[in-house]
Amino acid sequence: DLDVARRELEEFIPRARTMSEHSIRSMAGRDLARFKEFKKQGVAVKFGRFSQKENSQLQKNIEEFLSLTGIDSAEKLLFSYRYPEDRETIQRLKAEYQFCEKLSEGIPRPWRLIYYRARKIFDPNNYKGKYSNEEKEMLKRYQAMYGNDWKKISVMMSRSNISIARKYSEIKSDINHGAWSEEETQKLINAVEEVIKKRIEKEEATFLSSSEDSSRDLSIEREKLYQNLPWAEIETQVGTRYWKQCKQKWLTVLRTRMNKGKRLYRGKEGLQAKINLIKRLYELKVEDANDVNWAEVCNAVGDVPSSYVQAKFYKLKVSCVPFWQKKTFS
DNA sequence: GGGACATTCAACTATACGCT
DNA sequence: AGCGTATAGTTGAATGTCCC
């Protein structure tokens with residue numbers, strides 16, 4: 001019946017096809033019924049970033065659960081292991097008042113993801129801003145002492161373990177800062193090329209085994225050139241840069257090539273490009289910025305990666321819209 | 001089977017910098 | 001000076017795995 005559950009879930013979450021047994025099992029238990037209920041009401045399961053509406057719904061769900069049970073803080077509720085003496089009581093209250101159900105009320109997403117979102121929002125160790133040099137040094141020292149025990153280190157540094165783990169992977173090796181040399185750039189291009197080729201070959205293999213038709217054209221879809229690339233692998237190949245630097249550099253290389261070196265946002269044409277972009281976004285009539293399909297918006301500007309257009313929109317917003325932080329997308 | 005945790009790719013935000 | 005681009009920094013989503 002695992003297969004049945006998988007098939008049923010696929011209706012709501014296409015990627016269920018490839019998910020691990022464990023994920024399927026837990027979603028079948030907790031989410032399938034909810035998904036069906038949402039469907040009855042004509043609500044689709046959502047992915048990607050939480051909208052403002054969802055975030056405030058989550059906030060509300062937490063507040064209501066706290067007042068229902070008398071637990072005095074969201075941190076106690078969501079990180080009960082930090083309060084050993086209250087832990088048992090909290091556990092009991094959670095079961096008694098159906099924590100899982102209450103938490104996910106009105107949010108059409110898998111329970112697990114709602115839970116993680118809540119833990120991010122309500123962790124006092126999160127949102128601590130920039131790391132100082134002292135902190136970076138401290139992190140390196142602790143890692144040398146305790147290895148990748150991020151949980152332990154996060155307690156000592158009052159930062160969330162995710163933040164710590166990520167920061168460490170960024171600073172673990174001496175990253176070459178500043179402009180890219182010709183040689184480095186070439187190395188990057190080669191690495192990306194190799195990775196994409198490998199990926200296509202693999203797809204081709206599965207494609208051929210399921211079909212007789214072997215005549216496929218050599219061009220590849222644009223998305224394959226920048227979406228879901230294994231950056232960690234590329235980082236190792238390049239050797240001198242952090243994966244994010246690689247990614248950013250690759251996108252600019254790609255953009256320049258796609259547009260044959262033309263500068264898109266300069267002069268009169270640049271102005272027109274901006275106007276097109278704004279018009280296109282307006283026509284979408286979406287409520288939340290998270291609902292924008294940037295791949296669709298791309299051709300308002302030219303043949304560019306979607307992240308480029310996104311970045312442009314951000315820049316435009318920040319420099320032209322007063323009090324943009326306090327405004328909604330619509 | 002719930003929950004904690006590490007890891008990885010994506011997105012958002014801020015700043016540096018150079019050209020016109 | 002103003003603008004566009006490159007680069008740096010932080011947070012978000014998603015998922016495999018391990019443990020109790």
Side-chain angles (χ1 to χ4, degrees), chain A residues 13 15-16 18-30 46-51 54-55 78-82 87 91 94-95 99-100 109-117 119-121 123 126-132 136 147-154 159-171 175-180 226-235 241-253 255-256 263-267 270-271 273-274 289-290 292 294 304-320 324-325:
Chain A
I13 301 182
R15 60 179 184 282
T18 58
M19 282 170 101
S20 73
E21 233 174 75
H22 185 268
S23 304
I24 294 294
R25 228 180 274 277
S26 70
M27 275 207 286
R30 280 187 308 208
K46 285 199 65 179
F47 311 99
R49 289 178 117 81
F50 276 59
S51 65
E54 286 177 299
N55 280 326
L78 296 164
F79 300 90
S80 42
Y81 65 86
R82 291 181 190 164
R87 194 170 179 175
Q91 226 60 37
K94 275 165 107 173
F99 170 66
C100 297
R109 296 194 186 241
W111 186 88
R112 191 186 183 190
L113 299 182
I114 300 172
Y115 178 65
Y116 286 143
R117 180 79 191 118
R119 282 173 53 110
K120 268 183 197 149
I121 295 176
D123 187 351
N126 232 341
Y127 312 106
K128 289 276 183 102
K130 225 176 140 176
Y131 280 69
S132 66
K136 286 185 211 166
N148 294 10
D149 190 346
W150 306 127
K151 197 182 170 187
K152 184 171 189 169
I153 298 174
S154 77
R159 292 258 192 185
S160 79
N161 52 341
I162 294 181
S163 173
I164 294 268
R166 232 181 324 210
K167 195 70 196 174
Y168 182 73
S169 85
E170 186 191 326
I171 62 173
I175 303 297
N176 200 354
H177 286 265
W180 286 63
Y226 51 83
Q227 263 171 18
N228 287 313
L229 294 178
W231 289 111
E233 196 183 321
I234 294 169
E235 172 186 314
R241 302 274 179 162
Y242 178 52
W243 69 265
K244 205 178 64 181
Q245 293 175 297
C246 295
K247 182 182 173 185
Q248 281 172 171
K249 185 62 185 174
W250 171 243
L251 282 173
T252 70
V253 169
R255 201 197 69 230
T256 314
R263 306 243 200 186
L264 288 170
Y265 277 89
R266 284 187 184 270
L271 221 49
K274 284 177 189 169
N290 299 324
V292 176
W294 291 99
V304 287
S306 50
S307 58
Y308 180 66
V309 180
Q310 253 170 291
K312 280 300 155 207
F313 172 67
Y314 172 73
K315 181 77 180 179
L316 212 51
K317 176 176 73 175
V318 170
S319 49
C320 302
W324 59 273
Q325 273 129 326

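Quick note on labels: first sequence line is chain A, next is B, and so on, each numbered from 1.
One finds a side-chain N or O of A/R119 lying less than 4.0 angstrom from the OP1 or OP2 phosphate oxygen of B/dA4. For B/dA10, the OP1/OP2 oxygens have a side-chain nitrogen or oxygen of A/W231 closer than 4.0 Å. Taking 4.0 angstrom as the limit, A/K94 places none of its side-chain polar atoms (N or O) nearer than this to OP1 or OP2 of B/dG2. In this model, the phosphate group of C/dT7 is not approached by any side-chain N or O of A/K247 to a distance below 4.0 Å at OP1 or OP2. Within the structure, a side-chain polar atom (N or O) of A/Y115 is placed less than 4.0 Å from OP1 or OP2 of B/dA4. Taking 4.0 angstrom as the limit, A/Y314 places a side-chain polar atom (N or O) nearer than this to OP1 or OP2 of B/dA14.
Between C/dG9, B/dA6, C/dA8, one nucleotide has an atom nearer to the side chain of A/E170 than all others, and that is C/dG9. Taking every side-chain heavy atom of A/K244 into account, C/dT10 is the closest of C/dT10, C/dT5, B/dG1. For A/Y127, taking side-chain heavy atoms from C-beta onward, the closest of the listed nucleotides C/dG9, B/dG3, C/dT11 is C/dT11.
Every residue two or more places apart in sequence or in another chain was checked for a ring-ring contact (aromatic ring centres under 6.0 Å, His included) with A/F50, and none qualifies. Every residue meeting the side chain to side chain donor-acceptor pair (under 3.5 Å) condition with A/Y115, not counting sequence neighbours, appears here in chain and number order: A/R119. Scanning for ring-ring contact (aromatic ring centres under 6.0 Å, His included) contacts around A/F99 gives A/F65, with sequence neighbours left out. In this view, A/S160 and A/D123, A/N126, A/I162, A/S163 satisfy the side-chain contact (heavy atoms from CB on, under 4.5 Å) rule, not counting sequence neighbours. Scored by the ring-ring contact (aromatic ring centres under 6.0 Å, His included) test, A/Y314 finds A/W324 as partners (sequence neighbours excluded).
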Letter by letter from the 5' end, nucleotides 14-20 of chain C scores (B base, S sugar-phosphate only, - none; protein heavy atoms under 4.0 Å) SBBBB--
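Interface remark: the A/K167 side chain does not form any donor-acceptor pair with the C/dG9 base, using a distance-only criterion of under 3.5 Å.
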